[in-house]
Asks: 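Here it is, the structure in full.
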Amino acid sequence: MLQNYFITAIRNLIRSRGFTIINVVGLAVGLTTCIFIALWITDEMSYDKSYPNSERLYRIVYKSNTNSQPRTPHPMPLAMAKDFPEVENGVSISPIWGVGLTRPEFRVEYLDRKFMEREVMSADSTFFQVFPFEFVDGDPKNALKIPLGIVITESTARKYFGKEVALGKTLKFEGEINFTVTGVIKDIPHNTHFSFDFLISYITLKLRDRAEHKGVLSDYYTWNDFGHYNYILLSPGTDPKKVEAKIADWIWNYVKISEEDKAAIAKNNIRLVLQPVRDIHLRSNLIWELGSNGNIGYVYAFAITALLVLLIAIFNYMNLATARSEKRAREVGVRKAIGAKRGQLIGQFLNESFLMTIVAFALSLFLLELLMPLFRNLTGKDLNLYSSHGYLFFFGIVIAAIVVGFVSGSYPSFFLTSFKPIEVLKGKIQSSSSNINLRKVLVVFQFSISIFLIICALGIFNQIQYLRNKDIGFKGQQIIVIPTRSDAIVNHFNSYKSTLKKSSSIIDVSGVSNIPGGSFNTNSIWWKDNDPRVNTHEIWVDDDFFKTLQIDVAQGRGFSQDFPGDSLGSFIVNETAVKRMNMTDPIGQEITWEGDYPGTIHGRIVGVVKDFSVRSLRDIVPPLIIQKAVKNWQYAYTLVRVKPENIKQTIKYIESVWKQFDGQSIFRYSFLDKDFEKLYESENRMSSIFWIFAALAIFVACLGLFGLAAFVAEQKTKEIGIRKVHGATTRSIIYMLTRNFGVLILISNVIAWPLAYIVLKNWLQSYAFKADINYFYFLLATLLTIGVGAFTTIYQSIRAARQNPVESLKYE
């Protein structure tokens, strides 16, 4: 019987080639879209789940009403492991910070091999007990217990040592510190919320820190500084909320503050919470994250998009199958008359659906292989159907294809087998009104989805354009950013800067500690003793900073050599800082800054600058305090404004000056405006993906509409012939055949518009600066769908209208 089902199904599919091709292509596109998105979602959801016991791993996070961050005091996790029976182990880690909480580059050498490296981190000796990365060579228990020992990744070992054994080899940092390789681990998986190529033990860093501070650790390594990323591993069966509740009282055993400060902490709802490590990538967007995190909202959005595109393809099959009901009705009547049971007929039609789905699935696999490089480039992920997620994922998509086959064929099979054989054989069967209405509902649903996706894609595009074009308060074009993490340049910065300015192609040069769009350190400032403290971003600059970035001074003045007194006691703040401190006349007012270097100082405001973006436009402009650099080491970057002509030659000149002062370090540069645009990389990717999936949705919907229009024209062949004999024009016949589809598409717009508006409005709430919803895009989506839908149906209608009426009247 199964063989008979199979042979009959093949014959029916070949006989209706047009129907088969339309459905196979539609299902293949729908399945391909779903599998691509499933790959992306699976990867996003896999972050930090590869560790054993990852469900028991938590990060300690500082939370408050105004300022939340993932950094807490360095001793905290090991103290919790000692004091809390519920805590099995703990570890503190941190990047090796540069000036102003920037991530500097280090010159690393082995023999004649020399590279600039940024992925350098430090950790407690317990790191590999909490994060058990696989070792290629070395002892994970002792690798971080050896002073001046360093653990490197496998690719880093190949980079410096080739095929030589890396263990025991020496790497020289900054031409002066020799580290011995004590361990080599597998490369950090991409689906981890932090990464590193070099891992240095805190044992080494603390030895150096004590040597620099006369045998005493600096605040950075004590309870006085919230500057480290701390993790704890809870014992099995522990409730993290109960541990979290105990921290509030326990912390005062180590942190000594006044009762007034404790009251202020309670008032501002300041607390330490336990954040599941598995949640960091998709559900955490704090300042100073260790890497670029994802967004759970995008996961939901793409999952829904994949489902909607696949539903369009499924509805195509159902629509076309029910439209062909009159043709298949005679087959059903004859088979029932000679004894076929309804269950057998249902099996036959489901078999056709499964067979079609198998062909579509095979075509989908071909499309996946063909388009995978494009999808990798689009998402920025190294995705692979067969190796990235293993056989389980592949088995999952096979099951999904089977489900699609069943869902696609379920309604048509039950509908077609419900016909009574006596009525069919008498020719009394006709498409019922309920069947026609169902087809209309499906068409409306398909185009509603397509229009919804188009409007969302246009809305995302509009927001991206708004972010690109919005005035960010400084001019980033033709600004070259050069990391100045070189003692040879830092120690002779003024000479280096003067030499650069000798070129007529260079307009201005400035030294800064931080650049807009990068990381900034924050500390508190306040105006009057009783006023609340304002958490403020901070930056050190030279006299030419405002001129180089063309930042407007709203009140007072900028720093200048004409004012030799500009030093630690002179502050420039932005307008937001003035508002937060409730000042009306800020110039000359004395404020207090609680900084890391040289500590808490009092000074006067000499200028107020207009707000400019130091972070992306997703966030409001934060309070900012600007101080004049008094030490050359405070210049982490050099900003060079160049003329737009002959930029390549100008860069060559800048590089020659670099080598003149430092012949050892590698010259690196970037453009400030390009660096700032990278802040919106996720939005750009999301926009591109939405555009592609919206186009696929329209394609699949129009594919179904094309087939449906063909069947309607075929059903009305006799009517068309009679109308033409009676003088009907081609135009009137086209109108007759297409008007219903036009109405359905208009109804689809009425449904899609409010849904798209609600989704876009909610999505835009996550941006501090957002574009108004442009209603022209709604109209554009309507015109686009009407145009594509009209072209699809009119093509078939013209073919039917131009048919010879003599041939039409021979119909049946």
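In this text the structure is predicted, and so the values were computed from the model without any measurement.
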Asks: Name all residues meeting the salt bridge (charged side-chain N to carboxylate O under 4.0 Å, His left out) criterion together with Arg113; count only those two or more places apart in sequence or in a different chain, and write none if there are none.
Replies: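 Listed in chain order: nothing, the list is empty.
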Asks: Are Arg118 and Asp197 within salt-bridge range, i.e. N to O under 4.0 Å?
Replies: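 Salt bridge flag = no for Asp197 with Arg118.
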Asks: When rounded to the nearest 0.5 angstrom, what distance separates CD1 in Ile489 from NZ in Lys497?
Replies: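 Ile489 atom CD1 to Lys497 atom NZ measures 14.5 Å (nearest 0.5 Å).
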Asks: Could you tell me how the ring of Phe676 sits relative to the ring of Tyr680: parallel (under 30°), tilted (30 to 60°) or perpendicular (over 60°)?
Replies: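 Rings of Phe676 and Tyr680: perpendicular, as their planes differ by over 60°.
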Asks: Can you name the one residue among Tyr51, Phe127, Tyr58, Phe131 that meets ring-ring contact (aromatic ring centres under 6.0 Å, His included) with Tyr231?
Replies: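 Checked Tyr51, Phe127, Tyr58, Phe131 against Tyr231; only one passes ring-ring contact (aromatic ring centres under 6.0 Å, His included): Phe131.
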Asks: Tell me which donor-acceptor pairs under 3.5 Å the side chains of residues 147-156 have, and how far apart each pair is, sequence neighbours excluded?
Replies:
unit_1, atom_1, unit_2, atom_2, d
Thr153, OG1, Thr156, N, 3.4
Thr153, OG1, Thr156, OG1, 2.7
Ser155, OG, Asp187, OD1, 3.1
Ser155, OG, Asp187, OD2, 3.2

Asks: What is the distance from atom NZ of Lys659 to atom CZ of Phe667, rounded to the nearest 0.5 Å?
Replies: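 That separation rounds to 9.0 Å.
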Asks: Under 4.0 Å between a side-chain nitrogen and a carboxylate oxygen: does that hold for Asp43 and Lys381?
Replies: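 Judged by the 4.0 Å cut-off on N to carboxylate O distance, Asp43 and Lys381 do form a salt bridge.
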Asks: Salt bridge or not for Lys628 and Asp543, using N-O below 4.0 Å?
Replies: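 A salt bridge links Lys628 with Asp543.
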Asks: For Phe226 and His74, what are the C-alpha separation, side-chain angles and deciding distance, and is it a ring pair (Phe, Tyr, Trp, His ring centres under 6.0 Å)?
Replies: CA-CA 7 Å; Phe226 281 60; His74 166 67; over 10 Å; no
Asks: Could you check whether atom OH of Tyr254 has more than 12 heavy atoms from other residues, nucleotides or ligands sitting under 6.0 Å from it?
Replies: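 More than 12 within 6.0 Å, yes.
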Asks: Please list all pairs meeting salt bridge (Lys or Arg N to Asp or Glu O under 4.0 Å) that have one or both residues in residues 201-211, counting only residues at least two apart or in different chains.
Replies: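 Applying salt bridge (Lys or Arg N to Asp or Glu O under 4.0 Å) to every pair that reaches into residues 201-211, excluding sequence neighbours, yields nothing.
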Asks: Roughly how far, to the nearest 0.5 Å, is the CZ atom of Phe179 from the OG1 atom of Thr204?
Replies: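 Answer for the OG1-CZ pair, Thr204 versus Phe179, is 6.0 Å.
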Asks: Starting at CG of Asn142, measure out to OG1 of Thr182 and round the result to the nearest 0.5 Å.
Replies: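 Interatomic distance, Asn142 CG to Thr182 OG1, rounded to 0.5 Å: 9.5 Å.
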Asks: Testing the 3.5 Å rule here: is there a donor-acceptor pair between the side chains of His228 and Tyr202?
Replies: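 Present: a donor and an acceptor within the cut-off.
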Asks: For Lys246, check salt bridge (charged side-chain N to carboxylate O under 4.0 Å, His left out) against everything at least two apart and list the hits.
Replies: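 Residues passing salt bridge (charged side-chain N to carboxylate O under 4.0 Å, His left out) with Lys246: Glu86.
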Asks: What's the spacing between Leu282 CG and Asp279 CG if we round to 0.5 Å?
Replies: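 That separation rounds to 8.5 Å.
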Asks: Between Glu55 and Lys49, is the closest basic N to carboxylate O distance under 4.0 Å?
Replies: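 Result for this pair is no, no salt bridge flagged.
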Asks: How are the rings of Phe194 and Phe196 set to each other: parallel, tilted or perpendicular (split at 30° and 60°)?
Replies: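 Aromatic pair Phe194/Phe196 classed parallel.
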Asks: Give me the ring orientation class for Trp223 and Trp250: parallel if the planes are under 30° apart, tilted from 30 to 60°, perpendicular past 60°.
Replies: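 Taking Trp250 first and then Trp223, their aromatic rings stand perpendicular (interplane angle over 60°).
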Asks: Does one side chain, of Gln275 or Ser284, offer a donor that lies under 3.5 Å from an acceptor on the other?
Replies: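 Yes, because at least one side-chain N or O of Gln275 sits under 3.5 Å from a partner of the opposite role on Ser284.
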Asks: If you take the centroid of each ring, where Trp contributes its six-membered ring, are Phe135 and Phe128 closer together than 6.0 Å?
Replies: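 Here the rings of Phe135 and Phe128 have centres that are less than 6.0 Å from each other.
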Asks: Taking only distance into account, with no hydrogens and no angle test, what donor-acceptor pairs under 3.5 Å do side-chain atoms of residues 159-175 form with protein atoms, sequence neighbours excluded?
Replies:
unit_1, atom_1, unit_2, atom_2, d
Lys159, NZ, Glu117, OE2, 2.7
Tyr160, OH, Glu117, OE2, 2.7
Glu164, OE1, Tyr110, OH, 3.3
Lys169, NZ, Val165, O, 2.7
Glu174, OE2, Arg107, N, 2.7

Asks: If you count heavy atoms of other groups shown closer than 6.0 angstrom to CG of Asn285, is the number above 12?
Replies: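 Result for CG/Asn285: open.
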Asks: Around atom NZ of Lys648, are there more than 12 heavy atoms from other residues, nucleotides or ligands closer than 6.0 Å?
Replies: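 No - once you tally the heavy atoms of other residues, nucleotides and ligands closer than 6.0 Å, there are 12 at most.
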Asks: For Phe520 and Leu101, what are the C-alpha separation, side-chain angles and deciding distance, and is it a side-chain contact (heavy atoms from CB on, under 4.5 Å)?
Replies: CA-CA 6 Å; Phe520 281 74; Leu101 222 61; over 6 Å; no
Asks: For Ser670 and Tyr637, test the side chains for any donor-to-acceptor distance below 3.5 angstrom and give the result as yes or no.
Replies: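 No, no side-chain donor-acceptor pair sits under 3.5 Å.
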Asks: Under the side-chain contact (heavy atoms from CB on, under 4.5 Å) rule, what do Ser235 and Val87 come out as? Steps first, then yes or no, please.
Replies: CA-CA 6 Å; Ser235 301; Val87 177; over 6 Å; no
Asks: Asp508: which residues meet the salt bridge (charged side-chain N to carboxylate O under 4.0 Å, His left out) condition with it, sequence neighbours left out?
Replies: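 Asp508 satisfies salt bridge (charged side-chain N to carboxylate O under 4.0 Å, His left out) with Lys547 once adjacent residues are dropped.
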